[in-house]
Visitor: 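Just dropping this structure here.
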Amino acid sequence: MLSRDVLADPVALTRALVDIESVSGNEADIADQVQHALSGTALKVERFGHTLVARTELGRPQRVVLAGHLDTVPLNANWPSRTEGNLLHGCGTADMKSGTAIALHLAVTEAEPRHDVTYVFYECEEVDSARNGLKILADSRPGLLTDASFALLLEPTHGLVEAGCQGTLRVLARTSGRRAHSARSWLGDNAIHKAAPVLQRLLAYEPRTVTIDGCEFREGLNAVRISGGVAGNVIPDECVVEVNFRFAPDRSEEQATAHVRDVLAGFDLEVVDSAPGALPGLDAPPAREFLAAIGRPPRAKLGWTDVARFAALGVPALNYGPGDPNLAHKQDEHVEIDKIVEGADVVRRWLTKGP
Ligand SMILES: [Zn+2]
């Protein structure tokens, strides 16, 4: 179990959490250990599968969420952890056990925060969203999250504040034709050739860059896969171009879909997947205080993260964590030890002293 000394030191705690192997689906052990650590506090702790929610009940006027996932992507000859100077190496060091360690360290050691705090440690972030512990919590017990006025997700941002996130939409553009022997191609109708105008429109497309609350969101509309063809001597009767639209959070999913239908007007389109973006949400007082505590301007998050789940519940959320997001899921994943110390200091200062 995690000792008092380890819980008191966010670097040692990061290392200890990394050394509890918790590839998605295998979070029982780490959740048990986190639950045991939380049970020694005044927090009200509830467990859902391998997701833990721990709340202060101090009667403060505002409540904030600190959240981190417990799982990692599969190991890649990068476990257990090892240190090398200022670097802590190992699977999950950046994404995101260093951030999760900061939240757990504060949960156990900070008894008098200025705001009430809901700590969430959740399972299965790195796999299908249906298994995501935060999604399951948001669907089954939203009230545990919606009474907060701000959420901080400690995903890797390398010590910067990353605000909001882009939405994503996948659409299949399908062309059809008629099969024939390719020796008598005039008897058929080539569906692959008919996909050329889809690609031309994507090639000519000029994506927007939108600035919202000082954060720059760069959109992109791209073909990400193409399939078609029957055999080497057959004129193909179907071709499918899969298109991914990453859109700024000033568009809703519906508006993003309408935009893609506009760009690809005249083609047979099928929306197969979509997820909304999240506005930066920097107006909430706890968000403004947090930005003041960081003292550096926020930047846009150019991916999809669980901040969008909080935004969908009406809770503005930011990403802030010590890891470098560019090292996430890589074999040489590591985190700078001084970034963990700095991150823990910043979050504690914000939770205790205010602006
Ligand atoms: Zn992550």
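In each ligand, atom 1 is the first atom listed, and ligand 1 is the first ligand listed.
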Visitor: Is it true that Leu144 and Val64 fall in one hydrophobic cluster, defined by side-chain heavy atoms closer than 4.5 Å?
Guide: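 Unlinked, Leu144 and Val64 end up in two clusters.
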
Visitor: Report the name of the N/O/S atom of Glu155 located nearest to the Zn ion (ligand 1).
Guide: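 Among the N, O or S atoms of Glu155, the one closest to the Zn ion (ligand 1) is OE1.
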
Visitor: Between Ala173 and Val198, what is the shortest heavy-atom contact and its length?
Guide: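 Scanning both residues, the minimum pair turns out to be CB-CG1, 4.2 Å.
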
Visitor: Output the atom name for the N/O/S atom of His69 with the smallest distance to the Zn ion (ligand 1).
Guide: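 The nearest such atom is NE2.
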
Visitor: Side chains of residues 307-326: which donor-acceptor pairs under 3.5 Å do they make with residues two or more places apart or in other chains?
Guide:
residue, atom, partner, partner atom, Å
Arg309, NE, Asp306, OD1, 2.6
Arg309, NH2, Asp306, OD1, 3.4
Asn319, ND2, Thr305, OG1, 3.4
Asp324, OD1, Asn326, N, 2.8

Visitor: Please confirm if an N, O or S atom belonging to Asp95, backbone or side chain, lies less than 2.8 Å from the Zn ion (ligand 1).
Guide: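 Yes, since at least one N, O or S atom of Asp95 sits under 2.8 Å from the Zn ion (ligand 1).
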
Visitor: State, yes or no, whether a side-chain contact exists between Thr51 and Ile136 at a heavy-atom distance under 4.5 Å.
Guide: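 Contact flag for Thr51/Ile136 side chains = no.
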
